[in-house]
Amino acid sequence: GVVTPVSTYITASNTVFQLSLSGPATFCDWDSLVISATPGLVSYQWNTGESGTDFLVATQAGDYWLVAVDSLGCIFYSDTISVNTLVSPGTAVAEDKTICRGDFAILTATGNGTIQWFDVASGGSPMATGDTFITPVINYTTQFFAQANNGGACPGLRIPVAVFMDALSMLSVDLTA
């Protein structure tokens with residue numbers, strides 16, 4: 001018999017496939033988490049039905065995974081990533097106030113849990129605690145922030161509460177003329 005040599009070519013993908021998280025797998029129910037896959041693949045299909053992108057923004061608890069294909073047609077199945085949400089007390093409700101220049105304002109807010117008052121949008125320590133907050137004397141429009149907190153690991157969102165100056169109280173009158 002005649003032996004004919006046969007050449008076989010095997011194409012192997014050298015793609016390293018992995019998922020990564022933008023933060024902890026447990027987050028507050030008002031927040032989100034970005035799950036990212038190895039970039040540069042040809043297609044992505046997430047278990048949520050989203051496709052075409054190498055990332056997914058998770059806004060609720062659940063299990064997430066995806067199937068991706070590289071340029072050689074190799075199919076990659078990700079591990080399942082489980083994310084959890086912590087229940088917050090919700091967002092406080094408050095109204096802006098208008099006062100005369102040089103006065104203080106009495107601000108009120110309602111919400112589940114204890115209301116905390118801040119002078120910064122994030123971080124910092126509370127200036128006061130309780131449904132009512134009496135501001136220091138104010139001479140210009142100022143913004144404070146109210147946040148509901150039920151003592152858990154996840155406080156509510158901080159909302160801005162503005163104290164405006166009455167337009168007439170901002171006028172200067174020269175009585176010496």
Side-chain angles (χ1 to χ4, degrees), residues 19-37 39 44 46-66 80-177:
L19 295 181
S20 60
L21 302 176
S22 64
T26 300
F27 56 94
C28 294
D29 58 5
W30 45 260
D31 205 354
S32 63
L33 177 71
V34 177
I35 304 171
S36 299
Y44 299 88
W46 294 89
N47 67 303
T48 59
E50 295 183 45
S51 62
T53 179
D54 63 0
F55 69 91
L56 174 78
V57 178
T59 57
Q60 57 190 5
D63 293 332
Y64 297 91
W65 67 88
L66 90 121
T80 298
I81 291 183
S82 296
V83 299
N84 299 298
T85 55
L86 298 171
V87 177
S88 74
T91 303
V93 176
E95 292 185 12
D96 297 337
K97 292 284 184 176
T98 300
I99 62 171
C100 292
R101 183 178 181 184
D103 273 349
F104 59 87
I106 300 174
L107 303 178
T108 57
T110 58
N112 295 323
T114 302
I115 302 297
Q116 296 174 314
W117 295 92
F118 296 84
D119 58 358
V120 292
S122 64
S125 297
M127 300 174 65
T129 301
D131 293 350
T132 302
F133 169 52
I134 301 173
T135 70
V137 170
I138 298 175
N139 290 307
Y140 51 88
T141 297
T142 305
Q143 196 168 52
F144 297 95
F145 300 87
Q147 171 180 284
N149 193 331
N150 61 6
C154 190
L157 285 174
R158 285 190 197 174
I159 59 164
V161 184
V163 178
F164 298 103
M165 297 298 108
D166 178 72
L168 292 176
S169 71
M170 297 301 289
L171 297 176
S172 285
V173 178
D174 185 0
L175 298 175
T176 61

*What residues, two or more places apart in sequence or in another chain, satisfy side chain to side chain donor-acceptor pair (under 3.5 Å) together with T80?*
none
*Within-4.5 Å side-chain heavy-atom neighbours: Y64 and N47*: yes
*List the steps, then state whether side-chain contact (heavy atoms from CB on, under 4.5 Å) holds for T129 with N149.*
CA-CA 10 Å; T129 301; N149 193 331; over 6 Å; no
*Which heavy atom in W46 sits nearest to a heavy atom in T53, and how many Å separate them?*
NE1-O, 3.1 Å
*Does the W117 side chain pair with the main chain of I134, one donor and one acceptor, at a distance under 3.5 Å?*
no
*Find the distance between CG (L86) and CG (D31) and round it off to the nearest 0.5 Å.*
10.5 Å
_S88: which residues meet the side chain to side chain donor-acceptor pair (under 3.5 Å) condition with it, sequence neighbours left out?_
D29
*State, yes or no, whether a side-chain contact exists between M165 and I138 at a heavy-atom distance under 4.5 Å.*
yes
*For L66 against A37, the heavy-atom pair lying closest together*: CD2-CB, 3.7 Å
*asked:* Holding to side-chain contact (heavy atoms from CB on, under 4.5 Å), I want the full list of residues that pass it with L157, two or more places apart in sequence or in another chain.
replied: W30, T91
*Counting N and O atoms only, with roles assigned by atom type, does the side chain of D166 sit under 3.5 Å from a partner on the main chain of I99, one being a donor and the other an acceptor?*
no
*Residue pair L33 / F27: nearest heavy atoms and the distance that separates them*: CB-CE2, 3.7 Å
*What residues form a side chain to side chain donor-acceptor pair (under 3.5 Å) with D54, not counting sequence neighbours?*
none
Identify every side-chain donor-acceptor pair in residues 118-126 under 3.5 Å, counting partners at least two apart or on other chains, and give the distances.
none

Please list every donor-acceptor pair under 3.5 Å in which a side-chain atom of residues 104-115 meets a protein atom from a residue at least two apart or in another chain.
residue : atom : partner : partner atom : Å
N112    : ND2  : P89     : O            : 3.1

*Side chains of V87 and N150: closer than 4.5 Å at any heavy-atom pair?*
no
*For residues 143-163, which residue pairs qualify under ring-ring contact (aromatic ring centres under 6.0 Å, His included), counting only residues two or more places apart or in two chains?*
F133-F144
_Side-chain heavy atoms of V161 within contact of D96, under 4.5 Å_ = yes
_Heavy-atom check, side chain of T48 versus side chain of L56, under 4.5 Å_ = yes
_Once side-chain contact (heavy atoms from CB on, under 4.5 Å) is applied, do any residues pair with N84, and if so which ones, sequence neighbours excluded?_
T26
